[in-house]
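Counting starts at 1 for both ligands and their atoms, following the listed order. If you're wondering where the values come from, they're calculated on a predicted model, not measured in any experiment.
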Amino acid sequence: MCGIVGYVGNNDACPFLVSGLRRLEYRGYDSAGIATLTAADGFRLTRVAGRIDLLEKSIARKPMFGTIGIGHTRWATHGPATEENAHPHMGGNGLVSLVHNGVIENYESLKQSLISRGYLFKSATDSEVVAHLIADTLKHLPASSIANNSESIDRYVEAVRQSLDQLRGTYGLAILFRDQPDLLIVARCGSPLVIGVGKSEQFVASDTSPLVGYTDRIVYLADHQIAVLRPDSIQVQHRDHGKIRPDVQTLAAQETEASLEGFEHFMLKEIYEQPQSIRNALRGRLDRDNATAKFGGLNLTPQQLRSVKRIILTGCGTSWHAGLVGEYLIEELARLPVEVEYASELRYRNPPVDTDTLIFGITQSGETADTLAALREMKRKGHHTLAICNVVGSSIAQVADGGIYLHAGPEIGVASTKAFTSQLVVLSMLALYFGRLRFLSYEAGQRIIRQLEQLPETIEKTLECHGQVREVAAKYASASNFLYLGRYYNFPAALEGALKLKEISYIHAEGYPAAEMKHGPIALVDENTPSLFMVPQGAVYDKVLSNLQEVKARGGPVIAIVDQQDSHVMSLADDVITVPQAEDFLQPIVNAIPLQLLAYEIACIRGCDVDKPRNLAKSVTVE
Ligand code: AGP
């Protein structure tokens with residue numbers, strides 16, 4: 001959701017800016033723009049409503065020169081996706097140009113006050129307000145005492161600092177000044193920014209992906225920090241407490257450039273990466289000798305963990321679905337009460353939470369605004385907060401008191417696939433760990449470890465169902481509604497299957513516990529509404545079969561996911577997809593594969609933009 005890039009150095013800025021924006025495309029956007037600056041010609045601006053391809057064509061027609069520049073992909077919040085609303089925005093009659101990620105909550109009152117002082121607004125955005133505000137603040141700072149260039153730069157930094165003091169909300173900002181053609185100022189509060197440190201050049205981006213291949217030395221900017229970037233220097237300061245020594249880290253080798261490697265879409269590539277991503281999630285975390293799991297970063301002693309009485313799992317979307325599976329797992333294996341909360345509700349709901357409650361935020365991106373806010377709120381109340389997170393160094397990873405990384409590698413497709421199954425693997429290991437601290441026997445622990453170790457291979461075999469899924473997709477791609485049904489561990493799996501279909505194929509789909517059908521949703525069943533049932537062998541097999549028959553008896557087409565040559569189901573279902581057998585607790589991971597593939601194939605048949613579905617963003621950084 002909104003991407004920022006910036007460059008200051010001795011090379012042409014434009015190539016990095018464009019390639020950086022391309023690498024941020026996965027975050028989701030609907031317009032894009034770039035500003036470059038030269039001492040001779042001032043700012044040059046190119047903005048488009050639409051994709052980066054369009055931006056590139058526009059730049060090819062009117063090339064942009066300059067060794068300093070900023071770029072942005074915008075996911076519309078205030079005002080529609082038009083060229084006028086696209087960033088960069090100009091302030092103070094061409095004095096300032098900036099890009100902004102986040103939401104300025106008090107923009108309306110600031111705007112009115114700036115209008116009354118003669119500033120003209122060209123967009124409906126909250127971001128343009130910041131550009132004018134900085135220009136206005138700068139205008140009012142005395143310039144007379146400025147003796148040399150470094151003092152003069154202090155004046156620009158001070159203008160930014162004073163302007164930020166007036167903002168309420170969230171921001172990641174990259175700011176240029178017409179009169180300082182080698183000065184790039186960036187600031188962060190709630191919206192991520194990473195600085196790439198080069199040789200006589202500095203880079204800025206919303207995450208590390210644009211920096212790969214340019215530099216491996218990075219500085220994660222923290223909230224309330226401002227960085228002053230010039231070709232040969234980086235100076236970081238806290239908004240209120242002065243200068244800080246920048247913490248330069250090395251970008252991990254595996255964070256390489258994302259490429260399709262022969263797959264048609266990132267989503268498909270990521271579905272096929274799951275045997276490996278699951279291996280990565282398991283690596284080094286299973287302790288056979290003690291029949292348990294081990295984690296390096298929980299930052300709690302076994303004694304402290306033993307005294308935990310309750311767990312809250314919080315997240316959004318797919319990560320919330322992972323939390324639901326986590327609830328079943330932890331309650332069953334560890335006999336610990338678990339609650340799963342939408343982060344967007346938890347942050348404002350103020351439930352009574354005992355001191356011995358542990359809070360886990362589950363998030364692929366580590367940047368989801370609601371999850372971040374919910375964790376902050378819980379932390380403020382004194383709870384130990386932990387993150388189950390994929391993106392190293394992300395905001396949530398930084399805010400939490402500890403956590404577990406998924407190690408799934410970059411997930412580029414907007415629809416979460418491999419991160420979801422890795423979340424489930426981590427939650428299974430957590431359940432095993434808590435279980436072994438409490439009532440789970442050594443033998444039961446060993447059995448779970450064996451099953452987890454087997455899982456990557458099981459997933460490899462599961463991927464063989466792709467051919468069957470393709471046939472099912474061809475048959476039902478024109479449906480307007482879908483029902484996804486399962487019980488026990490497969491109820492959250494049903495919710496996740498329905499979400500996958502909705503988000504990339506734009507077909508309305510609902511997930512339900514199969515037995516709930518007769519309490520209302522069965523009224524939806526007709527010959528045009530396919531119902532997908534997960535009917536593997538296991539604790540609730542017979543029960544699900546009865547629910548399937550109820551739908552069949554009402555003339556609804558039935559697709560069944562089974563885990564053996566199940567003649568009974570085959571005689572009832574219109575279509576069958578076969579997956580390998582797995583224990584109940586692993587079935588949501590196995591069944592995720594055909595559900596992801598089905599959504600993918602249907603979306604392709606319907607001609608949808610699989611990796612960048614309409615209206616959606618990969619990192620949801622606004623609430
Ligand atoms: C998943 O397919 C969705 N795109 C979305 O629901 C996502 O899971 C949600 O926005 C939470 O994101 P996070 O895991 O990065 O916090």
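In the candidate list Ser365, Gly28, Gly361, Ser365 is nearest to atom 15 (O) of ligand 1, counting heavy atoms. In this comparison of Asp370, Val620, Ile388, the heavy atom closest to atom 10 (O) of ligand 1 sits on Val620. Remark: among candidates Thr368, Leu406, Val414, the nearest residue to atom 4 (N) of ligand 1 is Val414, based on non-hydrogen atoms.
The existence of a salt bridge linking Lys475 and Glu471 is excluded, since no basic side-chain nitrogen approaches an acidic carboxylate oxygen closer than 4.0 Å. Note on Lys618 versus Asp207: no salt bridge recorded, every NZ/NE/NH1/NH2 to OD/OE distance being 4.0 Å or above.
Residue Lys618 has no nitrogen or oxygen atom sitting less than 3.5 Å from a nitrogen or oxygen atom of ligand 1, judged on distance alone.
Those atoms of ligand 1 that come under 4.0 Å of a heavy atom in Ser319, given as number and element, are 8 (O), 13 (P), 14 (O). Of all the atoms in ligand 1, the ones that sit under 4.0 Å from a non-hydrogen atom of Thr318 are 1 (C), 2 (O), 6 (O), 8 (O). For ligand 1, the atoms lying closer than 4.0 Å to a non-hydrogen atom of Gln364 are 13 (P), 14 (O), 15 (O), 16 (O).
Listed by first and then second residue, the salt bridge (Lys or Arg N to Asp or Glu O under 4.0 Å) pairs involving residues 597-606 are Arg470-Glu601 (not counting sequence neighbours). Residue pairs meeting the salt bridge (Lys or Arg N to Asp or Glu O under 4.0 Å) criterion with at least one member in residues 384-395, sequence neighbours excluded, do not occur.
Note: Cys389 SG to Gln423 CD = 9.0 Å, rounded to the nearest 0.5 Å.
Only the side chain of Glu503 comes within contact range of ligand 1, with a heavy atom under 4.0 Å; no backbone atom does.
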